Student: 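Dumping the structure here so I can ask a few things about it.
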Amino acid sequence: MKPVEVLQKWWGYSSFRPLQESIIERALSGEDTLAILPTGGGKSVCFQVPAMCREGLAIVVTPLISLMRDQVEHLEMAGIRALAIYSGMSYHEIDTALDNARYGDYKFLYVSPERLRTDLFKARVATMDVNFIVVDEAHCICQWGYDFRPDYLLLSNLREILPDVPVIALTASATPDVAQDIMDKLGFRGRREPICSGFERSNLSYVVRECEDKFGQLLRLCNNVVGTGIVYVRERVASAKIASFLLSQGVAADFYHAGLSTPERTAKQKRWMEGDTRVIVATNAFGMGIDKSDVRWVCHFDLPDSLEAYYQEAGRAGRDGKPSYALLLWNKGDMTRMTRICQTSFPPLDYIAGVYQKIFQYLGFAYEEGQGRSCKFDLMDFARKFRLHAATAYYALKYIESCGYWTLTDELDNPSRVMFTVGRDELYRVQLGSNRLDTFIKALMRIYPALFSHPVRIDEGYIARTTTDSEAGVKEKLMELSRMHVLQYIPRDRSPYIILHNERLTPDNLFLSPTDWERRRNVFKTHLESMYRYISPSCSDDNPACRQKRICAYFGQKDAKECGKCDMCRK
């Protein structure tokens, strides 16, 4: 089928958005392709359509587990077979998923980047019929980018395993230097010219306000601009506080952050998507992959870390092309806070080395142990146990991750798992001893037939509905059977994971490069300076008197015109 026919059949559109067709044509010609499209520019279509045009399976590498799950769900709803592999899955589940990817007529395999280092994945992928390697959020491979992920460097290994498979790399924001670095790291062949849409948003008015009363400014925005909005904040506590304030002023608001359970986040997102909630106050955990076209405004209550992050988040307003606003609020306190964050984000190397050893102590590994292990991790418990400042410890963890020693995942919803630990004969004796447990065990085996062979993911709510029991009653019976040593019951929990890539090293063998530490700190400072230049009221030859021109100039687009809509143009 031709690309436009695939688009029509599976997505219901009769034509492509600007540049989508060019990206798809280049990919289908077999060339490596880097696409730089704005948030909401339809990046997923740029790899999903060519993958559907060719025989075989597309491997999609993305760091966002929530986005991965959403895309798999949407593809499945459209009748396209897709699956995902990410941290928190059991060995058996990963093994089954890889078998399905090889033999099961699937079109898309989504993987988190740390999967690329496992021998199991590398061995299986070599036997798959892969049509494209897709790198989503491609700026994560650049060590000069604002969101570098060391596991992305493993993509070069994937290219060695699949040398003839073309790459489609996508990002919403990349400076010229970052774009070149992406193509270098991915070993691009042939043309090394990104397909870039340009960074103007003709319908978006950028507004910056220096103010002490941020709550008052936000309320005026809610009252003066009709329609749906997003308020971005740095901290989870602030999201609840601001949402509570807006509710007290009659604005239908709610809060959202990564610390909420998956059902809570799903319910909040659904209410906002359907218009029951007008304003969502959120950390940067909200927005990736959310396709709501009629957002009329985005407000940044706190100063972002970088212009790249700001551009992506502000760009969630006005995807339908109608006039929309991006408001950024700041004051002198933000400057002080950002300086403090810079200090917290780069603790001394001897402190970082100490955190490295404490992590292995916390997880219970001696020297030369732990390689390849995946362990649940509670940051606050760790910080309490070793009397560390949680934020500083977190940044030490992330720095060690950037050096490749481990991967710290986002919080994952780990569903309940059950496995029988007795044989069928012994189980039969348990059933004979209790009619209540007999009925429950039979229902459990009917719903989940594989309980004797491996730990199986279960849903207590579904079991309750099937057996006309309460969810509490189901959990009580599972705990009772667990105490009787009839089955192993691992209740659902939420936790990040640490995936250890190396055994625990002695202090003498742990290497943390002072040069690399200094370089990363300078990159962070450079990104902060780009934000300071953007919000500055001062103008110069290299800092134009137009917010949109400032953004475009930062991303290397020199031909942008004054927007006529931002606060500086209107002034």
Side-chain angles (χ1 to χ4, degrees), residues 37-41 146 172-173 197-211 214-234 239 242 246 251 253 256 272 278-284 286-288 290-331 334 527-528 530-537 543-555 557 560-571:
L37 291 176
T39 301
Y146 72 98
S173 53
S197 64
F199 295 90
E200 299 108 318
R201 289 290 304 276
S202 59
N203 64 313
L204 195 57
S205 300
Y206 292 99
V207 179
V208 176
R209 289 273 184 272
E210 182 181 2
C211 60
K214 291 187 178 183
F215 283 89
Q217 284 284 349
L218 176 58
L219 185 60
R220 277 194 285 277
L221 175 66
C222 293
N223 291 336
N224 293 337
V225 181
V226 297
T228 301
I230 305 172
V231 182
Y232 278 110
V233 295
R234 296 189 68 91
S239 67
I242 295 167
L246 292 175
V251 179
Y256 183 107
W272 181 74
R278 182 186 165 208
V279 177
I280 195 87
V281 186
T283 62
N284 60 8
F286 183 80
M288 288 293 184
I290 291 174
D291 189 14
K292 185 170 173 62
S293 62
D294 61 344
V295 177
R296 291 281 67 86
W297 53 267
V298 170
C299 173
H300 279 79
F301 205 83
D302 297 313
L303 207 59
D305 290 346
S306 69
L307 205 50
E308 288 97 331
Y310 175 70
Y311 176 72
Q312 286 211 27
E313 290 162 2
R316 293 183 182 125
R319 291 186 180 185
D320 57 6
K322 295 180 181 177
S324 304
Y325 296 87
L327 173 65
L328 193 158
L329 304 174
W330 72 281
N331 54 40
D334 285 294
H527 287 138
L528 283 185
S530 74
M531 282 307 310
Y532 297 158
R533 284 167 59 81
Y534 174 73
I535 65 174
S536 171
N543 202 35
C546 168
R547 303 285 182 196
Q548 182 156 265
K549 281 193 75 171
R550 289 182 179 186
I551 289 172
C552 292
Y554 176 78
F555 288 114
Q557 184 181 343
K561 298 177 182 177
E562 291 189 354
C563 68
K565 294 182 173 67
C566 71
D567 59 315
M568 297 189 81
C569 285
R570 286 177 178 272
K571 192 181 293 183

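Quick note: residue numbers are just sequence positions, from 1. Because the structure is a prediction, the values reported are computed rather than measured.
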Student: If I compare all heavy atoms of W330 with all of I535, which pair ends up nearest, and what's the gap?
Tutor: CD2-CD1, 3.6 Å

Student: ring-ring contact (aromatic ring centres under 6.0 Å, His included), that's the test. Do W272 and Y256 meet it? Break it down for me.
Tutor: CA-CA 11 Å; W272 181 74; Y256 183 107; 9.3 Å; no

Student: Could you tell me if the side chain of C222 sits less than 4.5 Å from the side chain of R278, heavy atoms only?
Tutor: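 In contact.
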
Student: Please round to the nearest 0.5 Å and tell me the distance separating atom CG of D567 and atom CG of L327.
Tutor: 9.0 Å

Student: Evaluate the criterion side chain to side chain contact (heavy atoms under 4.5 Å, CB included) for residue pair V231 and W297; output intermediate values, then yes/no.
Tutor: CA-CA 9 Å; V231 182; W297 53 267; 3.8 Å; yes

Student: I'd like to know if the side chain of N223 and the backbone of R220 have a donor-acceptor N/O pair within less than 3.5 Å.
Tutor: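 Flag not set: sc N223 to bb R220 has no pair under 3.5 Å.
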
Student: Determine whether L307 and S173 make a side-chain contact, defined as any pair of heavy atoms from C-beta on separated by less than 4.5 Å.
Tutor: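 Answer no - side chains too far apart.
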
Student: How far does CG of L219 sit from NZ of K214, to the nearest 0.5 angstrom?
Tutor: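 That separation rounds to 16.0 Å.
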
Student: With side chain to side chain contact (heavy atoms under 4.5 Å, CB included) as the test, would you mind laying out the steps for N543 and R533 before giving the verdict?
Tutor: CA-CA 7 Å; N543 202 35; R533 284 167 59 81; 3.9 Å; yes

Student: When you measure from the side chain of Q557 to the backbone of F199, do you find a donor-acceptor pair of N or O atoms at a distance under 3.5 Å?
Tutor: yes

Student: On a heavy-atom basis, which atom in L204 and which in A326 lie closest, and how many Å separate them?
Tutor: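 Result for this residue pair: CD1-N, 4.1 Å.
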
Student: I need the minimum non-hydrogen distance between Q548 and C563, along with the two atoms involved.
Tutor: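 What the structure gives for the nearest pair is NE2-CB, 3.6 Å.
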
Student: Determine, stepwise, if the pair R296 / S324 fulfils side chain to side chain donor-acceptor pair (under 3.5 Å).
Tutor: CA-CA 5 Å; R296 291 281 67 86; S324 304; 2.9 Å; yes

Student: Measuring from atom CD1 of I242 to atom CZ of F301, what distance do you get when rounded to the nearest 0.5 angstrom?
Tutor: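 Between atom CD1 of I242 and atom CZ of F301 there are 4.0 Å.
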
Student: Between L246 and L218, is the side chain to side chain contact (heavy atoms under 4.5 Å, CB included) condition met? List the steps.
Tutor: CA-CA 9 Å; L246 292 175; L218 176 58; 4.1 Å; yes

Student: To the nearest 0.5 Å, how far apart are CD in E210 and CG in D334?
Tutor: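 Going from the CD atom of E210 to the CG atom of D334 covers 9.5 Å.
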
Student: How many angstroms lie between atom CG of D320 and atom NZ of K292, to the nearest 0.5 angstrom?
Tutor: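 Between atom CG of D320 and atom NZ of K292 there are 10.0 Å.
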
Student: Is it true that a side-chain atom of S530 and a backbone atom of H527 form a donor plus acceptor pair closer than 3.5 Å?
Tutor: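 Judged by distance alone, yes, a pair lies under 3.5 Å.
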
Student: What is the minimum heavy-atom distance between E200 and A560, and which atoms define it?
Tutor: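 Looking at all heavy atoms of both residues, the shortest contact is OE2-CA, 3.8 Å.
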
Student: So, for Y310 and M531, which heavy atoms are closest and what is the spacing to 0.1 Å?
Tutor: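 Smallest interatomic distance, heavy atoms only, reads CB-SD, 4.1 Å.
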
Student: Should D294 and K322 be marked as a salt bridge (Lys or Arg N to Asp or Glu O under 4.0 Å) after you check the CA-CA gap, both sets of side-chain angles, and the distance that decides it?
Tutor: CA-CA 8 Å; D294 61 344; K322 295 180 181 177; over 6 Å; no

Student: Between R201 and A317, is there a donor-acceptor pair closer than 3.5 Å when you use the side chain of the first and the backbone of the second?
Tutor: yes

Student: Does Y206 have any ring pair (Phe, Tyr, Trp, His ring centres under 6.0 Å) partners at least two apart in sequence or in another chain, and if so, which?
Tutor: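 Residues passing ring pair (Phe, Tyr, Trp, His ring centres under 6.0 Å) with Y206: none at all.
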
Student: What are the two closest non-hydrogen atoms of D302 and R234, and how far apart are they?
Tutor: OD2-N, 2.9 Å

Student: Checking Y534 side chain against S306 main chain: does a donor-acceptor pair fall under 3.5 Å?
Tutor: no

Student: Is there a side-chain contact between F286 and V281 in this structure, where contact means two heavy atoms from C-beta onward sitting under 4.5 Å apart?
Tutor: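 Heavy-atom side-chain distance check fails, nothing below 4.5 Å.
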
Student: Look only at the side chain of R550 and the backbone of P544, and say whether a donor-acceptor pair between them is shorter than 3.5 Å.
Tutor: yes

Student: Given 3.5 Å as the limit, does a donor-acceptor pair link the side chain of K565 with the main chain of S202, or not?
Tutor: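 Flag set: sc K565 to bb S202 pair under 3.5 Å.
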
Student: Kindly state whether the ring of F555 and the ring of Y311 have centres lying under 6.0 angstrom apart.
Tutor: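 Centroid separation for F555 and Y311: below 6.0 Å.
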
Student: Would you give the length of the straight line joining atom CG of N203 to atom CZ of R319, rounded to the nearest 0.5 angstrom?
Tutor: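 Taking CG in N203 and CZ in R319, the distance rounds to 12.0 Å.
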
